[in-house]
There are 2 protein chains.
Amino acid sequence: MATDRNGLQTRIERMCMERGLKMTGQRRVIARVLSEAHDHPDVEELYRRAAALDGRISVATVYRTVRLLEENGILERRDFGGGRARYEATEEGDHYHLIDVESGQVVEFTHAAHAELLRQITASLGFELVSHRLELFARKLPDVAQEQTDHTVQTEQKGGSRP
Amino acid sequence: MATDRNGLQTRIERMCMERGLKMTGQRRVIARVLSEAHDHPDVEELYRRAAALDGRISVATVYRTVRLLEENGILERRDFGGGRARYEATEEGDHYHLIDVESGQVVEFTHAAHAELLRQITASLGFELVSHRLELFARKLPDVAQEQTDHTVQTEQKGGSRP
DNA sequence: ATATATGCAAACCCTTTGCGAAATT
DNA sequence: AATTTCGCAAAGGGTTTGCATATAT
C-alpha cells in the first residue's frame, strides 16, 4: 500500500487514493511537495521542489498532476496576476488573498460574512452563485500597531505580480 | 485637430489627446470601437471590429494600443477566465461582473458598500488597498419575479469561460 | 526633421499533447 | 497482462517584440 520512503502518507496522497487515483512515484513526490507547501507555488516552483526530492520528474508530469488534482477537488488553482497559475491545497475554511503589490507577498484572510453577502447579491440578480474570485492588491502601511480583528492572517514570501 | 470621418471625437479619443498621446489613424479607429463597445471584448474581437472599419490595422497594433490605453488609465483589463484578456473603458462608477458559467453572459452590477468593506479589511491587515478584483461565477435561476435592488443590471451576450 | 507608431513575422511564455517506453493495478 | 502514466520534444494559444517603413507632431 502506497507509502512514501518514510512509511508515511501525506494528506494529499491519502486523498488521491480515496479517489482511486493511480499512485505513481512522481505523484507521491508531488503530493508530498504540495502537502508541505504553505504558500502558493506555481508549476515551475512545484517542479523545482519535486525535482529536488526525486530528479526523475518532468515539468509535463507536474502540469498533468496539478490538473488531475484540480479536477478532483484536491487542489485549487489561483491567479494572482503575472501570467502563471498558482496552486494551493483545498482547505476547509474559505479564505481570500491579499497580494502586496510591491513584494508579491501573499496574505490570507478570512471573512465569514463575505460569502453570504455575495450569495445574496447573486440571488438578487436572478442567479445562483457557483464560485467567486476575490483578490485584494494592496501596499503595506507604515507599521502602526494594529488591532486584531477576526481576520486570520498568514504571511508568505513569494514572487511579484501585478493586478 | 483630430476628428474622425464624421468630424466627431469619441470620448476615448478625447482622453487620449488630453494625455498627449499621438493620434494615429489606427488609434482613432480603435478608440471609436472601444467607445462604442458596451460589452467586454477581447483583443481578437477588437481587432475584428477595428478591421471592419479600416482594414489597415494589425493585431499587433491592437495589442499595443490596448496596453497603452490601460497604462494611461483609459481602459481596464479584465480576466473572466478563458485565457484571454478582455477590455472595457474605465468608468466612473465602480462595478463588478457576474459571469454566467453556462452562457458566458456577463452581468454588471454595483455594490456601493463593497469597496468600503474591502478597504476596511485591507486596513485591518495593515495594508492600503490599491485595487481589487471580484468576479462572481453563477448559474441562471428559473425566472422567478425578482425584487429590484440597488444593483444596476446590464446584460451582455458574450463567449464562454470557466472559473 | 525627429521621434514615435505600424506591419509583419518571428519570438516568447505558459501550458498541452503525441508518441514510444515505463510503471501501476 | 492490461491500462494508465511518464519523459521528451514538438505544438498550441495568447501576447510581445525587432526591424524597416510609414506617420504624427
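By convention in this document, chain letters (A, B, ...) are assigned in the order of the sequence lines, proteins followed by strands, and residues within each chain are numbered from 1. All values below come from the heavy atoms of this structure, side chains included, with hydrogens, waters and symmetry mates left out.
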*Asks:* Would you tell me whether A:E88 and A:H97 have side-chain atoms, one donor and one acceptor, within less than 3.5 Å of each other?
*Replies:*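 Result is yes, a qualifying pair exists.
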
*Asks:* Give the rounded distance in Å between these two atoms: CE of B:M23 and P of C:dT4.
*Replies:*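 My rounded result for the distance is 17 Å.
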
*Asks:* Does this structure show an ion pair linking A:E13 with A:R32, if we count only N-O contacts that are shorter than 4.0 Å?
*Replies:*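 No salt bridge links A:E13 with A:R32.
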
*Asks:* Nearest to the A:K22 side chain among D:dT3, C:dA5, D:dT15, which nucleotide is it?
*Replies:*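 Ranking D:dT3, C:dA5, D:dT15 by closest atom to the A:K22 side chain puts D:dT3 first.
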
*Asks:* Could you check how far OH of A:Y63 sits from P of D:dG13, rounded to whole Å?
*Replies:*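 A:Y63 atom OH is separated from D:dG13 atom P by 16 Å.
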
*Asks:* Quickly work out the B:D54 CG to C:dT6 C1' distance and round it to whole Å.
*Replies:*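 One finds 12 Å between C1' of C:dT6 and CG of B:D54, rounded.
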
*Asks:* Once you round it to whole Å, what is the distance between C1' of C:dC8 and CD of B:Q26?
*Replies:*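 Going from B:Q26 (CD) to C:dC8 (C1'), I get 14 Å.
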
*Asks:* More 5' along DNA chain D: A:L21 or B:R84, using each one's nearest nucleotide?
*Replies:*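 In this pair, the answer is A:L21.
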
*Asks:* Select from B:A60 and B:R27 the residue whose nearest nucleotide in DNA chain C is closer to the 5' end of that strand.
*Replies:*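 Residue closer to the 5' terminus by nearest nucleotide: B:R27.
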
*Asks:* Report the nucleotide, chosen from D:dC8, C:dC8, D:dT15, that has the shortest atom-to-atom distance to any side-chain atom of A:R64.
*Replies:*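 Between D:dC8, C:dC8, D:dT15, the one nearest the side chain of A:R64 would be D:dC8.
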
*Asks:* Are any of the side-chain nitrogens in B:R49 or B:D39 under 4.0 Å away from the carboxylate oxygens of its partner?
*Replies:*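 So B:R49 pairs with B:D39 through a salt bridge.
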
*Asks:* Starting from P on D:dC6, measure out to CD1 on A:I30 and report it in whole angstrom.
*Replies:*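 Answer to the nearest Å: 7 Å.
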
*Asks:* Figure out the CZ/C1' separation between B:R67 and D:dT16, and round it to whole Å.
*Replies:*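 About 7 Å, once rounded to whole Å.
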
*Asks:* Could you check how far CG of A:L68 sits from P of D:dT4, rounded to whole Å?
*Replies:*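 Taking CG of A:L68 and P of D:dT4, I get 13 Å after rounding.
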
*Asks:* How many whole angstroms separate atom CG of B:L69 from atom P of D:dT15?
*Replies:*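 Rounded to the whole Å, the gap is 15 Å.
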
*Asks:* Looking at the side chain of B:T24, which of D:dG7, C:dT6, D:dT16 is the nearest nucleotide?
*Replies:*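 Selected nucleotide: C:dT6.
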
*Asks:* Looking at B:F80 versus B:H40, is the centre-to-centre ring distance below 6.0 Å?
*Replies:*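 Yes, ring centres under 6.0 Å apart.
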
